[in-house]
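Down below is the structure, laid out as structure tokens.
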Amino acid sequence: MLWRSVVGKLWFTILLLVSVVLTILMVLLLQSFERFHVNEAESQLVNHANMIAAIFDGYDEQDDALRTISQYGSSFETHALIFVEGTKVWGTNNSANDDIYAQLFMTNPVLSEVFNGEQVVATEGDFPLSDNGEASHTEMMVVGVPLQPTELDNSAVFLYQSLSAIEETSNETKQIVYFSAGIAIVLTTIFAFFLSSRITAPLRKMRQVALEVAQGQFKTKVPILTHDEIGQLAMAFNRMGRELNRNIHALNQEKEQLSRILVSMADGVITLDRKGQVIVTNPPAERFMQSWFYEQGINEDSSVLPEAVEQLFQRVVSVEKEQMIEIDVQGRSWAILMTPLYDREYVRGAVAVIRDMTEERRHDKLRKDFIANVSHELRTPVSMLQGYSEAIIDDIAGSEEDKKEFAKIIYDESLRMGRLVNELLDLARMEAGHIELHMEEVELGAFSDRIVRKFQGYAKDEGVVLSLNHVEDGYTNSFDPDRIEQVLTNLIHNAIRHTGENGRVTVKVRSNEYGVKFDVIDTGSGIPEEDLPYVFERFYKADKARTRARGGTGLGLAIAKNIVDAHKGQISVHSKIDEGTTFSFFIPEAGMEKDELSR
């Protein structure tokens, strides 16, 4: 409909505004013209009355003055009456009406004021007339001017005129004003339709383009015909279309990328809405669901969740925090981590990450079984050692030399087996997270001097030069001194054992604002490159035969790594065959994050 369109609203608004303005202007003009005509007619009557009074005053004889006044009165259309000392002496009509008017003028309270000779009076009113015996009323304007107020009493000139002439002039003015207003309204209507059409034509085009954009045709453009606000709106609309096209393209790329990531993920991903309905899954998640469907003996239905997953979802939605469970399906262990998805402040769903933990759990079991088996197997050699010792005690050995040899073997093996058991137990506690650290503020210089002095005798026996390069006295760092001493003891002992005669082992201690770094450098045989990634694993030995001959257990570096990790530090190794090995570990200051060893 026209009234619901911009054209109709704009046309109606402009037309209403112009009509209101024209109405107010027309009323004011008509009132102004009416007052002008009345004032003009009154001014003319007053001028004529003054002229008649001047003529009357200019003659000594009354008859001469009346003749002249009669000639003067015939030149205009107004009517006049002259009163001298209360008696009408002359009238332009000289009819019965003059007598009526004379009586009315003399009795009128406004007009009778002129006989006092003080002022000129004027009035408008309805004065009755008699026409053929019938009374009629006529709107007239009457003006009175006194005659010789100083010489004559009750003498005045009255001029009167019907208001019909003034009304005719006012009607002609009204017709002109009405005609002008009609022309203005017609022109306003044409202008309003022209203006609204010029404004709404681009808007209709924009509406058409907007519908095309809504259908996915983002390359459609609005033609720019002007450089005003409509043109700027068209440019902004085209820019919006380009940006929308770019954003949609970016969203499609991101959606495709996300889809590829989900498909290529090793972990399963399930996205749920607020009601717990499945929205998105990837192949690993589908395999998990298929296993669960098979175990439950139901038909595959992607909208049904396992009971444990459904309960996990309810907990996530209620507490609005991530939750984790682990369930067994078809002999495999699955860990499910579910996190809420937010729409601003409200939970709109959840995303679950499903990881197959079967191998990890199997490895954990193997590690635990391995420790249990090793501990169990140690009982047999310990029993044998006890048997040898009992043989010596019971004098089964033949000679003193045999007894001493057996005793030496028993002593060495007992120490090695005891050390193995202790290290296994320590490592098991560390990997279980039961390691306890007693943090202290340690003076680095004295600490490193004490440890190096402890190995000077052993190094001299092995023909190795052991030296210390440490920070200046006064530098401190916070760590567990017993545990760090255990790490350094292991590293220095290994370095001396694997360094040949006349070799060198150097201990470096460096401190900075981030923490303290220890380096144990030797010039020994080195570690093969292929063995470097595994040196910190339990029971791993690069040179099994030599390590066994020298009494190693293969657990020292694994224990050292667990101690450094407990301090939130890092440990690394660099080595070359026949050139030497460098073990380095970094202990950060309390409250610091892990930093690179190069700091």
Side-chain angles (χ1 to χ4, degrees), residues 416 419 423 427 444-471 477 479 481-511 515-565 567 569-587 596-599:
R416 192 174 71 84
R419 186 166 61 251
E423 290 179 352
L427 186 59
L444 297 176
F447 175 75
S448 55
D449 284 338
R450 179 173 58 82
I451 295 176
V452 171
R453 283 199 306 269
K454 183 174 65 173
F455 282 94
Q456 287 294 349
Y458 176 62
K460 186 179 296 185
D461 293 340
E462 296 291 330
V464 176
V465 178
L466 178 60
S467 61
L468 173 64
N469 183 0
H470 63 78
V471 297
N477 194 270
F479 52 78
D482 293 335
R483 292 294 186 178
I484 298 302
E485 181 177 351
Q486 185 179 356
V487 175
L488 288 172
T489 298
N490 183 276
L491 296 179
I492 296 173
H493 188 268
N494 285 345
I496 295 174
R497 285 194 299 115
H498 292 88
T499 301
E501 192 174 354
N502 299 324
R504 177 178 292 275
V505 175
T506 304
V507 179
K508 290 184 178 181
V509 183
R510 290 174 289 173
S511 178
V516 58
K517 181 181 179 184
F518 296 90
D519 295 317
V520 179
I521 307 168
D522 66 62
T523 59
S525 58
I527 303 173
E529 183 178 352
E530 62 272 13
D531 291 331
L532 287 176
Y534 309 105
V535 295
F536 295 108
E537 293 186 3
R538 292 180 301 173
F539 298 105
Y540 188 84
K541 301 175 184 180
D543 186 350
K544 280 76 176 178
R546 186 174 62 179
T547 305
R548 186 181 299 112
R550 293 176 177 268
T553 62
L555 297 175
L557 292 179
I559 294 175
K561 185 178 186 303
N562 278 275
I563 293 174
V564 173
D565 289 343
H567 283 80
Q570 291 179 333
I571 186 169
S572 64
V573 59
H574 301 281
S575 181
K576 288 184 179 181
I577 294 296
D578 298 330
E579 292 185 13
T581 304
T582 300
F583 280 90
S584 302
F585 67 95
F586 179 79
I587 304 299
E596 296 182 0
L597 295 176
S598 59
R599 289 183 180 272

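The figures that follow rest on heavy atoms only: side chains count, while hydrogens, waters and symmetry mates do not.
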message: Side chains of Thr581 and His498, heavy atoms from C-beta outward: is any pair under 4.5 Å?
response: no
query: Side-chain contact, heavy-atom cut-off 4.5 Å: Asn494 with Arg497?
result: yes
field: Minimum-distance pair of heavy atoms, taken over all atoms of Ser575 and Leu532
entry: CB-CD2, 4.0 Å
query: Taking C-beta and beyond as the side chain, do His567 and Ile484 meet within less than 4.5 Å on heavy atoms?
result: yes
- request: Could you tell me how the ring of Phe585 sits relative to the ring of Phe518: parallel (under 30°), tilted (30 to 60°) or perpendicular (over 60°)?
  value: parallel
field: Heavy-atom closest pair, residues Val520 and Ala495
entry: CG1-CB, 4.0 Å
query: From Ile496 CD1 over to Gln456 CD, what is the distance, rounded to the nearest 0.5 angstrom?
result: 8.0 Å
Contact summary for Val464 and Gly500, nearest pair of heavy atoms: CG2-O, 3.8 Å
- line: Scanning both residues in full, the closest heavy-atom pair of Phe536 with Leu557 reads CD2-O, 3.6 Å
message: For the NZ atom on Lys454, are there more than 12 heavy atoms of other groups (residues, nucleotides or ligands in this structure) within a distance under 6.0 Å?
response: yes
Lys508: side-chain hydrogen bond (donor to acceptor under 3.5 Å, both in side chains) partners, not counting sequence neighbours: none
query: Are any of the side-chain heavy atoms of Val507 and Leu466 separated by less than 4.5 Å?
result: yes
- line: For Asp519 and Arg510 the tightest heavy-atom approach is OD2-NH2, 2.5 Å
- prompt: Looking at side-chain heavy atoms only, is the closest gap between Leu444 and Phe479 below 4.5 Å?
  reply: yes
task: Hey, can you tell me if Tyr458 and His493 have their rings parallel, tilted or perpendicular (30° and 60° cut-offs)?
output: parallel
- prompt: Taking all non-hydrogen atoms of both residues, which atom of Gln486 and which atom of Ile563 are closest, and how far apart?
  reply: OE1-CD1, 3.5 Å
- prompt: How would you list, by chain and number, every residue that makes a side-chain hydrogen bond (donor to acceptor under 3.5 Å, both in side chains) with Thr523, sequence neighbours excluded?
  reply: none
